[in-house]
Amino acid sequence: MYHVERPVFSEGYIDSELLHRKKRTSKSLQRRIAEHLRCSSEKAKSVVFGFLPILTWLPSYPLKQYLFGDIVSGISTGVMQLPQGLAYAMLAAVPPVFGLYSSFYPVLLYTFFGTSKHISIGTFAVISLMIGGVAVREAPDSMFAVNGTNASQVVDFEARDARRVEVVVALTTLVGIIQLVLGLLRFGFLAIYLTEPLVRGFTTAAAVHVSVSQIKYLLGVHTARFNGPLSVVYSLDAVFRNIASTNVVTLIIGLVCTVFLYIIKDLNERFKKKLPIPIPGEIIVVIVSTGISYGMVMSENYGVEVVGKIPTGLLPPKIPDFSVFPNLFPDAFAISVVGFSIAISLAKTFALKHGYSVDGNQELIALGLCNFMSSFFHTFVVTASMSRSLVQESTGGHTEIAGLLASILVLLVVVAIGFVFQPLPTTVLAAIIMVNLLGMFKQLKDIPALWRTSKIELAIWLVSFFASVLLGLDYGLVVAMGFAILTVIYRTQCPKNALLGQIPDTGLYFDVDEYEEAEECSGIKIFQSNTSIYFANSDLYVSALKAKTGIDPAKLLAGRKSQIKYAKRDNGERKAVNHCSSVKKNAVMNENHTESDSEDDFFLQRLTPIHTIILDFTPVNFIDSVGVIKEFATVDVKVVLAGCSSNGNLLDVAVINYIYTFLYN
């Protein structure tokens, strides 16, 4: 029980008597720019520490507490990063060694510029697939047909791969520039426009694309790589057309590796609390299959496709081909946004779990620098990997030192023993990719969950999924974002409208159509619409108000005019019969005029028993001028606003109770 007793304040009284605004001295634009550009030691220190977050935590790094966990985590993540780097390079349509380069340079740079302590930067399936689509489009097999013959039969693969590397490196440079510029312009909020249902539907569709693209490697058949709308359908059609040429040995190796990796993944998930570190199933599969392939000479004896030449050491830096930038910009922007949204969502998840914060703008800058600077060393676009990030966090990683150690492990392999993986069957890499996609396919469970919670979010998920599967990831993302924006408009166009009634002996008001206890007061209507009111939905708001209250001023005025017309006609007939003096006639005319005015009120009262409408603006954030009050004033219906937000102050919702009681009494 509670009791509140105070006067009901008006906006005028609040502004003039109750509250007094603080005096503020407005600064000129020139002065504000000067203050912003003014340099001081504290400001310089803040800028440097913000740009290089490593300076904030490395000097106070607790060796005894964190070092062992970071070492174990770094080795575990690095061991996982090696096979994934090789595998995801296939998705990016470049030779496998470039996946190793992409697992070293960007990870090293993120240690200095990143703000997340637990995400693992490097190759990722979705981004790699988007990159591969661009590479195949810009450097298709048909461009490298030898002597103009059928490109599907005779292709200069060395020249093709070299060109695709140039395209991918240029794309990476452009992605880095876009992310860096967006970060410097403080566009870290950009990821909010990719809602969670949109991202999850999109990544599930990407998992479908990736899985379909790996079927040919599992079967050992040779087909062209398709890109664009219906590429999934074309890829499946090509595989089934060539399924008779399946390499049985390749298929057996792929299936055995897939089953083994699935079992290891399931064991790691079931016994993650008991295992000190996850079982490194991927590196085990890579080492064992490489040894068997080398010993049995599978490439020559059984026709098993292998990774092939892996150069030892690092390549010298090279300036990207800037001439292809105009063709790549739309793809680069899409990849920039998707890559950042994946990284920041993972970073925020781990930050919330471990009690620290991440800076979205600095994360954009960090990713931009990682991609831009690394592109000069022949890498492709990177972002955070969900599977590796979970391993890095679960194995005891505390800081970015774990990622640094993982990159050093990759460096040792590239410099010293990269050639060892040359006999590795590509079907093993396909098995690694497909098993790692299981987590994304589990997102299909979102469908029944969203059906129960939000039909609109379910629609966004489904549109994102099917558009991305059928139209390709680039067009699918555009369609999904457009549909998500349309749902925002739909929410304002189709809000829930209700007439509120009072629960007896309380100050509570609920929808009279939903609750039996809610009672309306005679002559008063309380209308609520859970949306803001602006030019796009103002007509719908007024229409809903008229429909719910049963008051249409235009129809009331038309009805009143019609009845007055008939009344005047009856009066005219009576005057024609009456033969009175001119003085008497004038008196009758004045009397009729008075009667006409009283008739207006009489007919109006009969047509509209409602004398007051209360608009509950509690859910309304802003309102345009829609003429509601003026329109209803023409039929003598008062319109009262309650629960308004005005000048940043929310009027007490209890005002509606006062208005209701006052009008009733």
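Note that these values count all heavy atoms, side chains included, but never hydrogens, waters or copies made by symmetry. All residue numbers in this chain count up from 1 along the given sequence.
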For a quick test of reading the model, state the closest non-hydrogen atom pair linking [X] to [Y] and the distance between them.
X	Y	answer
Phe340	Leu367	CA-CD1, 3.9 Å
Pro280	Val79	CB-CG1, 3.8 Å
Ala87	Leu429	CB-O, 3.7 Å
Phe202	Ser468	CD1-OG, 3.4 Å
Ser120	Gln392	CB-OE1, 3.6 Å
Leu58	Ile401	CD1-CD1, 4.5 Å

Rounded to the nearest 0.5 Å, how far does [atom2] of [Y] lie from [atom1] of [X]?
X	Y	atom1	atom2	answer
Leu255	Thr258	CG	OG1	6.0 Å
Tyr217	Thr426	OH	OG1	7.0 Å
Leu261	Ile279	CG	CD1	11.5 Å
Leu405	Ser407	CG	OG	7.5 Å
Asp446	Glu196	CG	CD	7.5 Å
Ser103	Met80	OG	CE	12.0 Å

Side chain [X], main chain [Y], donor-acceptor under 3.5 Å:
X	Y	value
Ser46	Glu42	no
Gln84	Phe124	no
Glu305	Ser299	no
Ser464	Ile460	no
Gln422	Val306	no
Thr379	Tyr101	no
His209	Ser231	no
Glu138	Val167	no
Ser454	Leu450	no
Ser73	Asp70	no

How are the rings of His378 and Phe98 set to each other: parallel, tilted or perpendicular (split at 30° and 60°)? perpendicular
Classify the ring geometry between Phe372 and Phe376 as parallel (under 30°), tilted (30 to 60°) or perpendicular (over 60°). perpendicular
Show, in sequence, the C-alpha distance, side-chain angles and deciding distance for Ser293 and Val304, and conclude whether the side-chain contact (heavy atoms from CB on, under 4.5 Å) test is met. CA-CA 9 Å; Ser293 175; Val304 175; 5.7 Å; no
Considering residues, nucleotides and ligands other than [X], do more than 12 of their heavy atoms fall under 6.0 Å from its [atom1]?
X	atom1	result
Met298	CE	yes
Leu63	CG	yes
Lys445	NZ	no

If you apply the rule side-chain contact (heavy atoms from CB on, under 4.5 Å), what do you find for Leu477 with Leu198, and how did you get there? CA-CA 9 Å; Leu477 180 62; Leu198 186 151; 4.1 Å; yes
Test item: [X] and [Y] side chains (from C-beta on) under 4.5 Å apart, heavy atoms:
X	Y	value
Pro311	Val97	yes
Phe350	Lys117	no
Tyr105	Met373	no
Pro330	Asp474	no
Ile264	Val435	no
Val413	Phe421	yes
Val358	Lys348	yes
Tyr110	Glu363	yes

Does a donor on one side chain sit under 3.5 Å from an acceptor on the other, for [X] and [Y]?
X	Y	answer
Tyr61	His398	no
Glu282	Asn436	yes
Thr173	Ser375	yes
Thr204	Gln443	yes

Take Tyr294 and Val420, measure what side-chain contact (heavy atoms from CB on, under 4.5 Å) needs, and give me the verdict at the end. CA-CA 9 Å; Tyr294 176 77; Val420 172; over 6 Å; no
So among Thr111, Val107, Ile54, which one has a side chain to side chain contact (heavy atoms under 4.5 Å, CB included) with Leu404? Thr111
For Ser213 and Leu91: C-alpha separation, side-chain torsions, deciding distance, then whether side-chain contact (heavy atoms from CB on, under 4.5 Å) applies. CA-CA 8 Å; Ser213 70; Leu91 292 178; 3.7 Å; yes
